[in-house]
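Hydrogens, waters and symmetry mates are skipped; everything else that's a heavy atom, side chains included, is used. Each chain gets a letter, A, B and so on, in the order the sequences are listed, and its residues count up from 1.
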Amino acid sequence: MTIEEFKTKFKEIKNKGFIPTTRKGPTGIGHTLETHLGIFENNDAHPDIEGAELKAHRTKGNSLITLFTFNNKVWKMPPLEAVKKYGSLDKDGRQGLYYTMSLKPNSAGLFLDVQKTEISVRHISGEVIATWQLQTLADRFMQKMPALLFVSAFTEERDGIEYFHFYRAQLMKGTSPELLADQFREENILVDLRLHDKGTMARNHGTGFRTYEDKLPLLFQSIIDL
DNA sequence: GGTACCTGGAA
DNA sequence: CTTCCAGGTAC
């Protein structure tokens, strides 16, 4: 799909007003938008629309936006072991490792160590949990989102079903490895561990590299409304 | 059947 | 801010 085709389709979706979700839960908004655009869900780490990555976001609240995930060969210890060692229990007694890392150690003693060429999740004991090369992350970001098509929606609940009104689409582009490396250092791009113990294995949603909506303009040089 | 990606949240 | 969390697929 081209950007122009997207503009046309988006206008139609916007004019529909509130439309019911096509999937329960947090991920419903992206699935609903893609369904109405006629795009099939995929788990390909490449852009969706003519070089632009499509992202949908609920306007309410200020939750994190996942830029991309990166897990391959970064763990310095088995993920399940990390969960058991440093995880916390959720309401159902399930052990999970759900932390947004910062430079200061968290309650589990884990922190993000940003060095010249790499960043690591470490424990105060000195143990290294996982490591990423900054250049690799910048490459990944450029591959995944040379441009970002950011779509915002109002939400409403009717009879227990969530409805979305998609009302704005913004095209953001223009970034560079140097700029991104700086953003990692300034913690405008956050590292989010998201895995839990599922018995014999760790269910890993993927270590997310994430940001807040108000930080998006720092990652791109131009933003235009479609 | 486990890993690594995708799609996204709340208090 | 941190702590905590969701439903999907390809291979």
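Closest contact between the side chain of A:N71 and the listed nucleotides C:dA6, B:dA4, B:dT7 involves B:dA4. Comparing B:dC6, B:dT7, B:dG9 against the side chain of A:K55 picks out B:dT7 as the nearest. Nearest to the side-chain atoms of A:N72 among the listed nucleotides B:dC5, C:dT3, B:dG8 stands B:dC5. With C:dC4, B:dC5, C:dG7 as the choices, the nucleotide that has an atom nearest any side-chain atom of A:Y99 turns out to be C:dC4. The side chain of A:S88 lies closest to C:dC4, out of C:dC4, B:dG8, B:dC6.
With hydrogens and angles ignored, a donor-acceptor pair under 3.5 angstrom links the side chain of A:T66 to the base of B:dG8. Taking only distance into account, the side chain of A:R203 never meets the base of B:dG1 through a donor-acceptor pair shorter than 3.5 Å. Residue-to-nucleotide contacts include a donor-acceptor pair under 3.5 Å from the side chain of A:R210 to the base of B:dG8. One cannot find a donor-acceptor pair under 3.5 Å joining the base of B:dG8 and the side-chain atoms of A:H57.
Side-chain N/O atoms of A:S63 include one lying less than 4.0 angstrom from OP1 or OP2 on B:dA10. For A:T100, no side-chain nitrogen or oxygen approaches OP1 or OP2 of C:dC1 to under 4.0 Å. For A:K144, a side-chain nitrogen or oxygen approaches OP1 or OP2 of B:dC6 to under 4.0 Å. Contact annotation: A:T200 reaches the phosphate of B:dG2 (side-chain N/O to OP1 or OP2, under 4.0 Å). Residue A:R194 places none of its side-chain N or O atoms closer than 4.0 Å to OP1 or OP2 of B:dA10. Here A:R58 reaches the OP1 or OP2 of B:dG9: one of its side-chain N or O atoms lies under 4.0 Å away. In this structure, A:K104 does not reach the C:dT2 phosphate: none of its side-chain N or O atoms is under 4.0 Å from OP1 or OP2. For B:dG2, the OP1/OP2 oxygens have no side-chain nitrogen or oxygen of A:K198 closer than 4.0 Å. A:N106 has a side-chain polar atom (N or O) that falls below the 4.0 Å cut-off from OP1 or OP2 of C:dT3.
Aromatic ring centroids of A:F154 and A:Y167 lie under 6.0 Å apart.
Heavy atoms from other residues, nucleotides or ligands lying under 6.0 Å from CG of A:L89 number more than 12.
In this structure, A:K55 contributes its side chain and A:T66 its backbone to a donor-acceptor pair below 3.5 Å.
Lacking a ring centre under 5.5 Å from that of the base six-membered ring together with a plane angle below 30°, A:H31 does not count as stacked on C:dG8.
When heavy atoms are screened at a 4.0 angstrom cut-off, A:G30 is found touching the sugar-phosphate backbone but no base atom.
One finds a salt bridge joining A:R168 and A:E213 here, because a Lys/Arg side-chain nitrogen approaches an Asp/Glu carboxylate oxygen to under 4.0 Å.
Minimum heavy-atom separation, A:L37 to A:K9: O-NZ, 3.5 Å.
Residue-to-nucleotide proximity on DNA chain C shows that, of A:D192 and A:N204, the 5′-proximal contact is made by A:D192. Toward the 5′ end of DNA chain B lies the nearest nucleotide of A:A202, the other residue of the pair A:A202 and A:I29 mapping further downstream.
Distance, A:M145 CE to B:dC5 C1': 15 Å, rounded to whole Å.
In the hydrophobic clustering of ILVMFWY residues, with side-chain heavy atoms under 4.5 Å counting as a link, A:Y99 and A:M77 come out together.
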